[in-house]
Amino acid sequence: MSYDLIVIGTGPGGYVAAIRAAQLGLKTAVVEKRKTHGGTCLNIGCIPSKALLHASHMFQDAQHFADMGIGVSAPTLDLAKMLSFKQEGVEGNTKGVEFLLKKNKIDAFIGHARIAAVGQVEVTGEDGSNQMLETKNIVIATGSDVTRLPGIEIDEKVIVSSTGALELESVPKRLVVIGAGVIGLELGSVWRRLGAEVTVVEYLDRILPGMDGEVAKNFQRILGKQGFQFKLGSKVTGVERTANGATLTVEPAAGGTPETIEADVVLVAIGRVPYTQGLGLDHVGVQLDNRGRIQTDAHFSTNITGIYAIGDVIAGPMLAHKAEDEGVAVAEIIAGKAGHVNYDVIPSVVYTFPEVASVGKTEEELKAAGIAYNAGKFPFTANGRAKVNRTTDGFVKILADASTDKVLGVHIVGPEAGNLIHEAAIAMEFGASSEDMARTCHAHPTLAEAVKEAALAVEKRAIHM
Ligand SMILES: Cc1cc2nc3c(=O)[nH]c(=O)nc-3n(C[C@H](O)[C@H](O)[C@H](O)COP(=O)(O)OP(=O)(O)OC[C@H]3O[C@@H](n4cnc5c(N)ncnc54)[C@H](O)[C@@H]3O)c2cc1C
Ligand SMILES: NC(=O)c1ccc[n+]([C@@H]2O[C@H](COP(=O)([O-])OP(=O)(O)OC[C@H]3O[C@@H](n4cnc5c(N)ncnc54)[C@H](O)[C@@H]3O)[C@@H](O)[C@H]2O)c1
């Protein structure tokens with residue numbers, strides 16, 4: 001078989017690239033080694049974690065229905081049912097991708113892809129069968145894998161990665177999370193809400209590195225109120241399996257006396273690494289960077305003509321929507337159009353309660369770059385809708401250039417932050433000033449009024465504060 005484009009991997013990067021290419025008239029095929037499409041995101045990432053975050057949030061909310069005068073008996077947990085609720089959501093989504101591939105007349109091969117030569121992809125099926133496909137272009141969208149701690153074996157039962165943490169058969173009494181990044185805090189929240197004591201051990205002296213420091217500090221305090229324990233500035237030097245769980249050895253990051261912590265389950269959530277195993281990259285001469293990511297130019301082209309790469313396997317934030325936008329852009333470039341991704345305006349959301357959301361530069365980044373800015377902040381305690389809903393933790397912060405007033409960054413910790421951030425993203429995409437955001441009429445009573453008030457606060461003229 002001969003194609004214009006073969007995409008390797010059907011995660012958010014790969015399947016979106018294939019659909020856009022087919023829309024543009026390219027004869028397109030995908031190769032995926034899992035039995036289902038959708039990649040990490042739909043199978044073992046974004047989608048199952050959000051299903052469990054939603055269900056566990058409902059479980060916790062139900063315990064407060066009486067505050068609103070709703071009489072229900074105390075909620076009970078059927079974990080097996082909750083896990084099947086999650087799995088049904090996953091299947092709904094992965095089947096949706098299968099449908100979209102068919103609808104767009106994209107040939108889908110299930111098997112392991114190896115680039116045999118420029119323009120040739122070899123597909124090996126589970127049964128060992130081999131097939132050689134010819135193509136003018138290849139897009140590598142093979143994603144990422146869990147980062148492992150040296151000497152600590154992940155068994156996905158007691159010592160788990162995010163994959164095992166989405167499948168625990170019972171609620172652990174004591175869950176220790178290694179890494180206070182997005183996965184640690186999202187999946188830590190799931191099990192905390194369902195009853196686990198959660199301790200998070202983090203190497204740095206703060207949580208959520210990369211997010212705005214003030215937001216992270218405020219969010220840590222909120223999680224503390226929810227019962228999270230934090231051991232910051234601490235490194236795990238060993239994890240030993242015991243009869244019923246595991247013992248962790250933890251020392252101060254700067255060195256010092258080690259201590260031990262007992263856990264029923266340990267979640268290793270210290271990041272992800274690009275996945276290029278078995279692709280044959282050495283063989284065709286595709287270059288990697290010093291962090292094992294496929295090196296690409298501004299048009300997603302590798303050093304080999306006709307071979308492109310997108311998503312988690314290249315540089316940039318490991319986010320599904322970043323991979324999707326790159327998928328659209330690379331297909332457009334291959335089809336001879338002008339595909340482009342604006343990396344200055346990629347929102348990032350932590351789907352805890354409350355949510356944390358961010359787009360653009362943090363205060364730390366602006367200070368480091370020597371850019372003068374004005375900050376406007378508005379707390380949810382002063383927002384009418386948040387007050388009646390009793391979800392007043394958090395604030396909106398808008399950072400605007402001191403001389404031009406152009407919005408450079410927006411950071412939110414609070415209810416619905418993940419939805420609210422998009423008005424900021426659109427404003428930034430169009431180069432808006434904080435005054436533009438402040439002059440835009442916002443419906444009352446909405447949480448979004450906090451965004452407008454934060455914009456007004458840039459010029460110190462917020463009304464409700
Ligand atoms: C627990 C968890 C929660 C997450 N939640 C979010 C979230 O809420 N929002 C968000 O934006 N991001 C989230 N992410 C990150 C998100 O999943 C990734 O950024 C996204 O999946 C990257 O997409 P991708 O297409 O680059 O790669 P992937 O989704 O990893 O897909 C790559 C695919 O390539 C296949 N593959 C690899 N090698 C081969 C080969 N040789 N032959 C054939 N197929 C191959 C793999 O099987 C896989 O299906 C989460 C990740 C995790 C682990
Ligand atoms: N909501 C989302 O968008 C979402 C959700 C889940 C995952 N993801 C993506 O998946 C990727 C992986 O997530 P993650 O949470 O594993 O990584 P991360 O990079 O977000 O966080 C890892 C944390 O582990 C810490 N750490 C590293 N080594 C350590 C050690 N030895 N001991 C203690 N702490 C250590 C780091 O300092 C960091 O705080 C991220 O890039 C993220 O973008 C996104």
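Values below: every heavy atom of this structure, side chains too, minus hydrogens, waters and symmetry copies. First listed ligand is number 1; within each ligand, the first listed atom is number 1.
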What is the nearest protein non-hydrogen atom to atom 48 (C) of ligand 1, stated with its residue, atom name and distance? E32 OE1, 3.5 Å
Around atom CD of E240, are there more than 12 heavy atoms of other residues, nucleotides or ligands at under 6.0 Å? no
Quick check: does any side chain N or O of R174 sit under 3.5 Å from a backbone N or O of V176, one acting as donor and the other as acceptor? no
Of the protein's non-hydrogen atoms, which lies at the shortest distance from atom 10 (O) of ligand 2, and what is that distance? R272 CD, 3.8 Å
Does T142 reach the main-chain N or O of I140 with its side chain, forming a donor-acceptor pair under 3.5 Å? no
Testing the basics here: between L24 and A331, what is the closest heavy-atom pair and its distance to 0.1 Å? CD1-O, 4.0 Å
A student checking ligand 2 against I178 at a 4.0 Å heavy-atom cut-off should list atoms 32 (N), 33 (C)
Hey, does P317 sit under 4.0 Å from ligand 2 if you only count heavy atoms? no
Does K50 approach ligand 1 within less than 4.0 angstrom via side chain, backbone, both or neither, non-hydrogen atoms only? side chain
Decide whether an N or O pair under 3.5 Å exists between G38 and ligand 1. no
Ligand 1 versus A141: contacting region, heavy-atom distance under 4.0 Å: backbone
Do you know which two heavy atoms are closest between P12 and G38, and how far apart they sit? CD-O, 3.7 Å
Any N or O of A323 closer than 3.5 Å to N or O of ligand 1: no
For atom CD of E364, decide whether the heavy atoms of other residues, nucleotides or ligands shown that lie under 6.0 angstrom number more than 12. yes
Out of M211, E202, K231, K50, the nearest non-hydrogen contact to atom 36 (C) of ligand 2 is supplied by E202
More than 12 foreign heavy atoms under 6.0 Å from CG of N342: is that the case here? yes
Tell me the protein heavy atom at minimum distance from atom 16 (C) of ligand 1, and give that distance in Å. C46 SG, 3.9 Å
Heteroatom distance test (E186, ligand 2): nitrogen or oxygen, under 3.5 angstrom: yes
Please confirm whether G327 comes under 4.0 Å of ligand 1, counting heavy atoms of the residue only. no
Quick check: are there more than 12 heavy atoms from other residues, nucleotides or ligands sitting under 6.0 Å from NZ of K86? yes
Quick note on ligand 1: atoms under 4.0 Å from a heavy atom of V31 include exactly 43 (C), 44 (N)
For T142, the ligand 1 atoms with a heavy-atom partner under 4.0 Å come out as 32 (C), 34 (O), 37 (C), 38 (N), 39 (C)
Under 3.5 Å donor-acceptor, E202 side chain and A180 backbone: yes
Against heavy atoms of M318, which atoms of ligand 2 measure under 4.0 Å? 9 (C), 41 (O), 42 (C), 43 (O)
Would you check if the side chain of S56 reaches a backbone N or O of L194 as a donor-acceptor pair within less than 3.5 Å? no
Between ligand 1 and S144, can you find any atom pair, the residue atom being a heavy atom, that is separated by under 4.0 Å? yes
To the nearest 0.1 Å, how far is atom 30 (O) of ligand 1 from its closest protein heavy atom, and which atom is that? T40 OG1, 2.6 Å
Do any nitrogen or oxygen atoms of T10 come within less than 3.5 Å of a nitrogen or oxygen of ligand 1? no
How far is atom 19 (O) of ligand 1 from its nearest protein heavy atom, and which residue and atom name does that atom have? D312 OD1, 2.9 Å
By number and element, which atoms of ligand 2 are closer than 4.0 Å to a non-hydrogen atom of P209? 38 (C), 39 (O)
Can you tell me if D264 uses its side chain to pair, donor with acceptor, with the backbone of G245 under 3.5 Å? no
Are the ring centres of H37 and Y15 closer than 6.0 Å? no
Can you establish whether the number of heavy atoms outside K136 located under 6.0 Å from its atom NZ is more than 12? no
Note: ligand 2 atoms sitting under 4.0 Å from heavy atoms of G179 are 23 (C), 24 (O), 25 (C), 34 (N)
When only distance counts, is Y351 in polar contact with ligand 2, meaning an N/O pair under 3.5 Å? no
With a 3.5 Å distance limit and no angle check, can you tell me whether Q229 reaches the backbone of T199 through a side-chain donor-acceptor pair? no
Could you establish whether R272 and ligand 1 come within less than 4.0 Å of each other, counting only heavy atoms on the residue side? yes
Just which atoms of ligand 2 are under 4.0 Å from any heavy atom in V201? 33 (C), 34 (N)
Atom 16 (O) of ligand 2: the protein heavy-atom neighbour that sits closest, reported with distance to 0.1 Å: G271 N, 2.9 Å
Side chain or backbone of A320 under 4.0 Å from ligand 1, or both, or neither, by non-hydrogen atoms? both
Do me a favour and list the nearest non-hydrogen protein atom to atom 5 (C) of ligand 2 with residue, atom name and distance? V182 CG1, 3.3 Å
Is T147 reaching over with its side chain to a backbone N or O of R272, donor-acceptor style, under 3.5 angstrom? yes
Of the protein's non-hydrogen atoms, which lies at the shortest distance from atom 42 (N) of ligand 1, and what is that distance? A113 N, 2.9 Å
I'd like to know if the side chain of Q287 reaches the main chain of N303, judged simply by a donor and an acceptor atom lying under 3.5 Å from each other, with no hydrogens or angles considered. no
What's the shortest distance from atom 34 (O) of ligand 1 to any protein heavy atom, and which residue and atom give it? G9 CA, 3.2 Å
Proximal atoms of ligand 2 relative to L204 (non-hydrogen, under 4.0 Å): 37 (O)
Numbering the atoms of ligand 2 from 1, which are under 4.0 Å from a heavy atom of V349? 1 (N), 2 (C), 3 (O)
Checking side chain to side chain donor-acceptor pair (under 3.5 Å) between Y3 and each of D107, N137, T135, which is the one that passes? D107
Give the atom numbers and elements of ligand 1 that come within less than 4.0 Å of a heavy atom of S162. 1 (C), 53 (C)
Starting from atom 3 (C) of ligand 1, what is the nearest protein heavy atom, named by residue and atom, and what distance separates them? G45 C, 3.3 Å
Quick test of your reading of the model: are K35 and E126 salt-bridged, counting only N-O distances below 4.0 Å? yes
Would you check whether I44 reaches within less than 4.0 Å of ligand 1, judged by its heavy atoms? yes
the protein heavy atom lying closest to atom 15 (O) of ligand 2 turns out to be I183 N, 2.9 Å
Checking a contact table here: which protein heavy atom is nearest atom 44 (N) of ligand 1, and how many Å away? K33 N, 3.1 Å
Do you know which two heavy atoms are closest between A22 and T28, and how far apart they sit? N-OG1, 3.9 Å
Find all atoms of ligand 2 within a distance of less than 4.0 Å from any non-hydrogen atom belonging to L149, and give their numbers and elements. 31 (N)
Donor-acceptor under 3.5 Å (H411 side chain, K361 main chain): yes
